[in-house]
Engineer: 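Below are the structure tokens for one structure; questions will follow.
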Amino acid sequence: MRPTLADVARAAGVSIATASRVLNGFPRVSPERRKQVESAMLALGYARQRAAKASSARHTGSIALVVCEEVPRLFTDPYFPRIAAGVGRELTAVGVQLVLLTVPATDDYQSPVVRYLDGGHVDGALVVGMHGRRPLDLDWLGIPVVFGGRPVQAGRTGRLPYVDADNQGGARLATQRLLDGGRQVVATVAGPQDMTAGVDRLLGYRQAMTRAGRYDETLVVCGDFGQASGEYATSRLLTRRPDVDGIFAASDMMAVGALRALRRAGRRVPEDVALVGFDDLPIGCWTDPPLTTVRQPVEEMGARMTAELLAMIDGAAPRRSTVLDTELVPRKSA
């Protein structure tokens with residue numbers, strides 16, 4: 001079996017992205033790292049596969065970032081700019097152009113995007129914000145695809161590589177923070193259940209609450225990760241369960257909305273109701289009180305997705321899944 005770029009990176013003790021930079025002759029690689037990669041290529045007898053198939057495949061020097069959300073959400077939800085920052089950092093280092101594609105929520109929404117991707121305009125695609133209700137059928141395309149977040153549906157797209165955060169583990173940390181703080185009635189404003197981040201964060205909450213013997217379906221309301229939905233869901237929750245004294249919001253933006261609803265209802269945070277978010281957005285430092293939250297490495301997710309895609313374009317076998325750790329960031333809201 002011929003050695004791949006992943007084999008070279010492993011032998012050199014560097015990341016696949018660094019090996020790719022050396023292979024493509026781009027700067028921002030230290031002389032020591034460059035020598036390690038070149039030595040590993042020589043020792044393994046690595047031959048660049050792209051050169052071998054150059055006669056049959058035209059490489060564009062571009063990759064697509066496909067965002068499965070409406071355009072306004074792209075500019076109001078901080079998650080997407082953070083992903084793009086990680087992607088851009090890796091692409092700048094290797095001189096590859098980024099093409100942004102958005103997928104609106106219409107019945108025939110995927111046709112123009114799939115047509116574009118299948119038209120030879122890009123060498124690969126990164127897909128983020130994917131909802132399960134209208135899955136993009138991408139795995140038959142003749143280009144590599146990497147998902148940001150595990151696809152909801154396990155069909156053919158479920159076999160494609162993805163990079164995700166430990167959403168279940170992070171939700172357990174958030175919920176346990178509230179339980180350990182002595183909160184007796186801990187609710188959640190869960191995320192959309194057609195996205196794996198929403199599903200997994202609800203599952204993590206349910207696991208922690210079940211372990212404590214306190215899980216109750218009436219303590220679960222759902223939003224769409226946005227601020228307005230968090231405010232509306234929290235208002236409904238307080239009407240249904242006025243005895244709530246702790247809330248885990250599955251995104252920081254929903255937590256900001258929850259703060260507004262709690263303040264309007266005359267509930268003090270954290271004296272009456274403790275609150276924990278998820279994301280560790282900058283806004284969490286400026287809320288009153290500052291927001292206890294769960295940090296997920298969004299920029300690193302974007303960078304890792306891009307490194308995987310560049311490796312696939314160069315012929316390396318991808319890892320089938322990468323799940324990055326999350327961590328609790330304690331502040332004054334809980």
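FYI, the numbering just counts along the sequence from 1.
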Engineer: Please verify the inter-ring angle class for Tyr116 with His121; under 30° counts as parallel, over 60° as perpendicular, anything in between as tilted.
Structural biologist: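 Parallel, since the angle between the ring planes stays under 30°.
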Engineer: Would you name the heavy atoms of Met254 and Gly226 that are closest together and state the gap between them?
Structural biologist: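 Met254 and Gly226 have their closest heavy atoms at CG-O, 3.3 Å.
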Engineer: Do Met312 and Leu65 belong together in a cluster built from hydrophobic side chains that touch within less than 4.5 Å?
Structural biologist: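 Linked within one cluster.
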Engineer: Without swapping roles, check the side chain of Arg89 against the backbone of Ala303 for a donor-acceptor pair under 3.5 Å.
Structural biologist: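 It does not hold such a pair.
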Engineer: Using the six-membered ring of Phe278, assess whether NZ or CZ of Arg201 lies under 6.0 Å from its centre and within 45 degrees of the ring axis.
Structural biologist: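 Yes, cation above the ring, under 6.0 Å and within 45°.
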Engineer: Should Arg304 and Glu90 count as an ion pair when the cut-off is N to O under 4.0 Å?
Structural biologist: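 No, no charged N to carboxylate O under 4.0 Å.
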Engineer: Quick one: pull up CZ in Phe147 and OG1 in Thr196 and give me the separation to the nearest 0.5 Å.
Structural biologist: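 Phe147 atom CZ to Thr196 atom OG1 measures 10.5 Å (nearest 0.5 Å).
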Engineer: Within this structure, what is the CG-SG distance for the pair Leu237 and Cys222, rounded to the nearest 0.5 Å?
Structural biologist: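 Between Leu237 CG and Cys222 SG, I get 11.0 Å after rounding to 0.5 Å.
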Engineer: Between Val66 and Val103, what is the shortest heavy-atom contact and its length?
Structural biologist: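 For Val66 versus Val103, the nearest heavy atoms are CG1-CG2, 3.5 Å.
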Engineer: Treating Asp245 as the side-chain partner and Arg183 as the backbone partner, does any N or O pair qualify as donor plus acceptor under 3.5 Å?
Structural biologist: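 No, Asp245 side chain to Arg183 backbone: no donor-acceptor pair under 3.5 Å.
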Engineer: Mark yes or no for whether Asn167, through its side chain, and Ala165, through its backbone, hold a donor-acceptor pair below 3.5 Å.
Structural biologist: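 Checked: pair present.
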Engineer: Under 4.5 Å between side-chain heavy atoms, hopping through other hydrophobics if needed: is there a path connecting Val294 to Met253?
Structural biologist: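 Per the 4.5 Å side-chain linkage, Val294 and Met253 are not co-clustered.
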Engineer: Would you kindly say whether Thr188 and Arg206 are connected by a side-chain donor-acceptor distance under 3.5 Å?
Structural biologist: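 There is no such pair between these side chains.
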Engineer: Does any N or O in the side chain of Asp166 come within less than 3.5 Å of the main-chain N or O of Thr326, such that one atom is a donor and the other an acceptor?
Structural biologist: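 Side chain of Asp166 to backbone of Thr326: no pair is present.
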Engineer: Any donor and acceptor pair, going by atom type alone, linking the side chain of Tyr205 with main-chain N or O of Val186 inside 3.5 Å?
Structural biologist: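 Checking the backbone N and O of Val186 against the side chain of Tyr205, a donor-acceptor pair under 3.5 Å is found.
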Engineer: Check this for me: does any side-chain nitrogen of one of Arg150 and Asp200 sit under 4.0 Å from a carboxylate oxygen of the other?
Structural biologist: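 Salt bridge flag = yes for Asp200 with Arg150.
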Engineer: Would Ile247 end up clustered with Tyr215 when hydrophobic side chains under 4.5 Å apart are linked, directly or stepwise?
Structural biologist: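 Yes: a chain of side-chain contacts under 4.5 Å links Ile247 to Tyr215.
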Engineer: Ignoring hydrogens and angles, tell me if any N or O in the side chain of Glu231 forms a donor-acceptor pair with the backbone of Ala258 under 3.5 Å.
Structural biologist: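 Here the side-chain-to-backbone pair does not exist.
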Engineer: With a 6.0 Å cut-off (strictly less than), is the heavy-atom count around CD1 of Ile283, excluding the residue itself, greater than 12?
Structural biologist: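 Not more than 12 within 6.0 Å, no.
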Engineer: Could you pull out the closest heavy-atom pair between Val189 and Gly230, with the gap in Å?
Structural biologist: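 Shortest heavy-atom separation between Val189 and Gly230 comes out as CG1-CA, 4.3 Å.
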Engineer: Donor-acceptor check, side chain of Ser333 to backbone of Val276, threshold 3.5 angstrom: yes or no?
Structural biologist: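 Not a single qualifying donor-acceptor pair exists.
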Engineer: With distance as the sole criterion, is a donor-acceptor pair present between the side chains of Ser251 and Asp279 under 3.5 Å?
Structural biologist: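 No, Asp279 and Ser251 have no side-chain donor paired with an acceptor closer than 3.5 Å.
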Engineer: Looking at Gln207, is its backbone amide N or carbonyl O close enough to the side chain of Thr210 to form a donor-acceptor pair, meaning the two atoms are under 3.5 Å apart?
Structural biologist: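 No; zero donor-acceptor contacts below 3.5 Å.
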Engineer: Do you know the tightest heavy-atom contact between Thr60 and Gly120?
Structural biologist: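 Heavy-atom minimum between the residues: CG2-O, 3.2 Å.
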Engineer: Would you mind checking if Asp272 and Arg267 are paired as a salt bridge, meaning a charged N to carboxylate O distance below 4.0 Å?
Structural biologist: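 Judged by the 4.0 Å cut-off on N to carboxylate O distance, Arg267 and Asp272 do not form a salt bridge.
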Engineer: Specify the closest pair of heavy atoms between Val87 and Gly302, including all atoms of both residues, with the distance to one decimal.
Structural biologist: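 Closest heavy-atom pair between Val87 and Gly302: CG2-O, 3.6 Å.
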Engineer: For Ala125 and Leu117, work out which heavy atoms get closest and say how close.
Structural biologist: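 In this case the closest contact between Ala125 and Leu117 is CB-CD2, 4.1 Å.
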Engineer: Quick one: does Leu202's side chain get under 4.5 Å of Val220's, heavy atoms only?
Structural biologist: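 Side-chain contact under 4.5 Å: yes.
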Engineer: Using a 4.5 Å cut-off on heavy atoms from C-beta on, say whether the side chain of Leu291 contacts that of Leu281.
Structural biologist: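 No; the side chains remain at least 4.5 Å from each other.
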Engineer: Could you tell me whether a side-chain N or O of Arg177 sits under 3.5 Å from a main-chain N or O of Ala334, the two making a donor and an acceptor?
Structural biologist: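 At least one qualifying donor-acceptor pair exists.
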Engineer: Could you check whether Asp280 pairs with Arg331 (Lys NZ or Arg NE/NH1/NH2 to Asp/Glu carboxylate O, under 4.0 Å)?
Structural biologist: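 Salt bridge flag = yes for Arg331 with Asp280.
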Engineer: For the pair Arg241 and Asp216, find out whether any cationic side-chain nitrogen is under 4.0 Å from an anionic carboxylate oxygen.
Structural biologist: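 Judged by the 4.0 Å cut-off on N to carboxylate O distance, Arg241 and Asp216 do form a salt bridge.
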